[in-house]
Protein chains: 2
Amino acid sequence: MAQANAGDGTVGKALDALDQVASMGRPVRFAELLEESAYPKATLYRFLQTLTNQGMLSYDARSQTYSLGVRLVRLAHAAWRQSSLAPIARPYVEDLAREVQATVHLAQLDGGQVLYVDKQNPSNPINMYSESGKVGPGYCTGVGKAMLAFVDEATLERALTQQTYHRHTENTLCSPQELMEELREIRKTGISFDREEHEMSIICLAVPILSSQDRVLGAISVTNSTHRTSLDELKKFAPILKACAKNIADTAESWRFPEHDKLAK
Amino acid sequence: MAQANAGDGTVGKALDALDQVASMGRPVRFAELLEESAYPKATLYRFLQTLTNQGMLSYDARSQTYSLGVRLVRLAHAAWRQSSLAPIARPYVEDLAREVQATVHLAQLDGGQVLYVDKQNPSNPINMYSESGKVGPGYCTGVGKAMLAFVDEATLERALTQQTYHRHTENTLCSPQELMEELREIRKTGISFDREEHEMSIICLAVPILSSQDRVLGAISVTNSTHRTSLDELKKFAPILKACAKNIADTAESWRFPEHDKLAK
DNA sequence: CCCTTTGTTCCAAATAATGAAACTTAATTT
DNA sequence: AAATTAAGTTTCATTATTTGGAACAAAGGG
């Protein structure tokens with residue numbers, strides 16, 4: 001994994017290092033990080049020290065390993081509450097899951113990737129944190145395509161280059177061309193399918209959550225398996241999904257921007 | 001709110017700015033931040049730009065406000081999974097909550113403060129993320145005192161200075177002296193009470209989670225209200241709590257340090 | 001004991017951060 | 001509509017920090 005991120009001076013580089021530790025998914029030693037890092041020994045070393053001082057990383061002297069620090073958990077709690085749609089959308093998502101009797105995902109766009117910020121499973125309404133924060137590919141998930149179809153030109157272009165296309169199943173759209181065509185279709189209908197593109201026997205129906213100025217706020221989806229339902233069956237939920245998305249968008253806007261009504265004329 | 005954090009060059013300062021946004025708890029405008037900031041206009045401005053570029057903040061052009069970015073949610077998910085005790089302790093905490101039929105908290109120390117990383121409520125096993133990441137005072141909570149009682153001299157001293165003592169109730173321990181005395185007692189018995197010190201009618205029993213080298217990994221507690229139980233009743237759970245803490249510690253150690261068994265001799 | 005690996009510190013050169021001030025919008029008042 | 005104020009953004013010479021090769025220290029073998 002090469003260092004993707006160039007710009008933004010010292011801070012950007014230090015955050016690169018932070019991401020690198022995060023991407024390992026376990027406590028790591030200095031040498032391991034050095035191997036994969038684009039930065040020289042002393043430089044990386046200082047970054048890790050700084051981040052540790054700052055509580056963004058924690059260092060275990062016994063095993064000489066770095067892990068992500070608790071400060072992140074604190075920050076993230078605030079981030080999830082103030083910046084994600086999840087707390088606002090929660091009641092609507094719950095209702096939707098109950099109504100469709102299937103798993104509902106709430107996602108937002110993060111770079112070219114899909115970031116899941118909430119999940120509701122009607123049969124097992126538990127265990128939220130373990131799903132929030134997961135990331136998925138943008139080009140082969142229902143929510144990903146639903147969002148990409150409605151972002152502005154510039155964002156889309158950037159997002160498309162950030163995809164690393166991989167043929168997960170025989171249905172996966174593996175090129176920007178195929179994807180663009182699909183997105184055109186989605187823009188027309190307002191709904192997006194995952195036709196076993198990411199994982200066999202998993203299908204889903206997704207719709208974007210759009211602000212009143214048609215800015216993409218996020219997306220919601222209903223997921224199910226081909227053993228329990230079909231695309232045609234799922235499609236029947238489109239109106240409910242759209243209504244739910246509308247509700248979330250309205251609530252989000254009135255919540256996040258209670259003043260400045262002028263512009264909305 | 002003055003800037004607390006000095007050291008650590010540019011990165012530290014930028015993270016200060018990040019924390020500042022987090023502490024506001026809502027989207028904020030540049031001017032608001034500038035007012036409270038220790039940094040000059042242009043400097044703060046560049047920090048915000050950098051953090052936004054990096055996805056740690058997000059900027060809404062419409063309302064000209066900064067909020068925490070989605071990248072944090074992603075990082076935090078990784079942090080919670082790899083760095084907190086929560087995923088390891090989850091099954092034990094669940095069992096405990098069922099057994100004692102009361103709310104169980106799992107906490108870790110972050111600076112002088114208590115960071116809650118998991119919570120189980122037997123009657124309503126749901127809604128996790130909203131609790132993880134919350135912080136509380138160290139000096140007047142069961143888990144806080146349980147952990148402080150067993151940390152090393154240096155950490156304790158630093159933690160004590162970081163408390164801002166406030167008499168929440170008539171039982172709150174409001175000085176380092178009172179607290180130290182209490183900690184001595186806790187060290188002797190291995191259990192810690194919250195005798196309505198943080199909130200009236202809320203009591204709790206907590207025990208520390210200690211590694212085999214007696215390093216403080218975290219703490220667990222059983223919380224209840226005085227209307228439903230008493231301190232004496234709670235005290236009866238001490239053995240179960242201790243056993244649970246032991247289990248968590250053992251699992252944590254074997255999980256996080258699968259190799260290097262030599263030192264444990 | 002020597003050699004290797006891994007982690008830490010130094011320091012002069014290179015680079016990036018700094019912040020006062022100038023500038024540009026945008027909003028409000030006259 | 002012009003003038004005034006406020007809010008946000010850019011500039012640039014100065015200053016301070018980062019940089020990274022290389023030397024150093026410590027731990028682990030052979």
Side-chain angles (χ1 to χ4, degrees), chain A residues 2-3 5-18 20-21 24 26-54 56-67 213 257-265, chain B residues 2-3 5-18 20-21 24 26-54 56-67 213 257-265:
Chain A
Q3 234 69 26
N5 194 334
D8 284 323
T10 319
V11 176
K13 293 177 208 165
L15 292 177
D16 266 359
L18 183 63
Q20 213 198 327
V21 175
M24 307 293 285
R26 64 186 161 78
V28 279
R29 308 191 56 169
F30 176 67
E32 291 183 82
L33 292 168
L34 183 58
E35 229 177 332
E36 297 194 351
S37 175
Y39 304 111
K41 212 181 186 183
T43 304
L44 180 64
Y45 183 73
R46 257 176 295 105
F47 284 150
L48 296 177
Q49 291 229 119
T50 302
L51 290 168
T52 305
N53 274 336
Q54 292 296 322
M56 301 296 279
L57 291 177
S58 76
Y59 180 70
D60 183 77
R62 165 116 130 48
S63 59
Q64 295 187 105
T65 54
Y66 294 90
S67 346
Q213 287 97 46
F257 321 112
E259 50 275 303
H260 315 96
D261 306 45
K262 287 181 214 169
L263 295 173
K265 55 162 176 289
Chain B
Q3 235 67 25
N5 194 335
D8 285 320
T10 318
V11 177
K13 292 177 209 165
L15 292 177
D16 266 0
L18 183 64
Q20 213 199 327
V21 176
M24 308 292 286
R26 64 187 161 79
V28 278
R29 309 191 57 167
F30 177 66
E32 291 184 81
L33 292 168
L34 183 60
E35 229 177 334
E36 298 196 352
S37 175
Y39 305 112
K41 211 179 184 185
T43 303
L44 179 65
Y45 183 72
R46 257 178 293 105
F47 283 151
L48 294 177
Q49 290 232 118
T50 303
L51 290 169
T52 304
N53 274 335
Q54 292 295 322
M56 302 294 280
L57 291 178
S58 76
Y59 179 71
D60 182 78
R62 166 116 129 47
S63 59
Q64 296 187 108
T65 54
Y66 295 90
S67 348
Q213 286 96 48
F257 321 112
E259 52 275 303
H260 319 95
D261 305 46
K262 287 181 217 169
L263 294 174
K265 55 164 170 315

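What you see is a predicted model; the values in this text were computed from it and never measured. All values below come from the heavy atoms of this structure, side chains included, with hydrogens, waters and symmetry mates left out. Reminder, nothing fancy here: chain letters follow the sequence lines and each chain counts from 1.
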Between A:Q54 and B:L15 (side chain of the first, backbone of the second, donor and acceptor by atom type, cut-off under 3.5 Å), is there such a pair? no

Within this structure, what is the [atom1]-to-[atom2] distance between [X] and [N], rounded to whole angstrom?
X: B:L48; N: D:dT10; atom1: CG; atom2: P; result: 13 Å
X: B:L44; N: C:dG19; atom1: CG; atom2: P; result: 11 Å
X: A:L34; N: D:dG21; atom1: CG; atom2: P; result: 11 Å
X: B:F47; N: D:dT17; atom1: CZ; atom2: C1'; result: 12 Å
X: B:N53; N: D:dT9; atom1: CG; atom2: P; result: 13 Å
X: A:K13; N: C:dT15; atom1: NZ; atom2: P; result: 10 Å
X: A:E35; N: C:dG7; atom1: CD; atom2: P; result: 11 Å
X: B:Y39; N: D:dA16; atom1: OH; atom2: C1'; result: 15 Å

Angle between the two end axes of the helix from C:dT4-D:dA27 to C:dT30-D:dA1, five base pairs per end, rounded to 10 degrees?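 End axes: 30° apart.
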
Looking at C:dG7, I'd like to know if its phosphate oxygens (OP1 or OP2) sit under 4.0 Å from a side-chain N or O belonging to A:R29.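 Yes, A:R29 has a side-chain N/O under 4.0 Å of OP1/OP2 on C:dG7.
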
Compare side-chain N and O positions of A:T10 against OP1 and OP2 of D:dT18 and report whether any pair is under 4.0 Å apart.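 It does not, given that no N or O in the side chain of A:T10 lies less than 4.0 Å from OP1 or OP2 of D:dT18.
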
A:Q64: partners by side-chain hydrogen bond (donor to acceptor under 3.5 Å, both in side chains), with sequence neighbours left out: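 Once residues adjacent in sequence are excluded, A:Q64 has no partner under the side-chain hydrogen bond (donor to acceptor under 3.5 Å, both in side chains) criterion.
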
Please check if any side-chain donor atom of A:Y39 sits under 3.5 Å from a side-chain acceptor atom of A:D16, or the reverse.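 Checked: A:Y39/A:D16 side chains pair up, N/O donor to acceptor below 3.5 Å.
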
Specify the closest pair of heavy atoms between A:P40 and A:L34, including all atoms of both residues, with the distance to one decimal. C-CD1, 4.2 Å

Over all atoms of both residues, closest heavy-atom pair of A:A14 and A:L51: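 The answer is O-CD1, 3.5 Å.
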
Is there a side-chain contact between B:K41 and B:R46, using heavy atoms and a 4.5 Å cut-off? no

Identified side chain to side chain contact (heavy atoms under 4.5 Å, CB included) partner of A:M56 from the options A:V21, A:L18, A:T50: A:L18

Side-chain ion pair, B:R26 and B:E32, N-O less than 4.0 Å: yes

I'd like a list of close polar pairs between nucleotides 8-12 of chain C and the protein, N/O only, cut-off under 3.5 Å.
| residue | atom | partner | partner atom | Å |
| --- | --- | --- | --- | --- |
| C:dT8 | OP2 | A:Y45 | OH | 3.4 |
| C:dT8 | O5' | A:Y45 | OH | 2.8 |
| C:dT9 | OP2 | A:Y45 | OH | 3.4 |

CA sep, side-chain torsions, deciding dist, call: B:V28, B:L33, side chain to side chain contact (heavy atoms under 4.5 Å, CB included): CA-CA 7 Å; B:V28 278; B:L33 292 168; 3.8 Å; yes

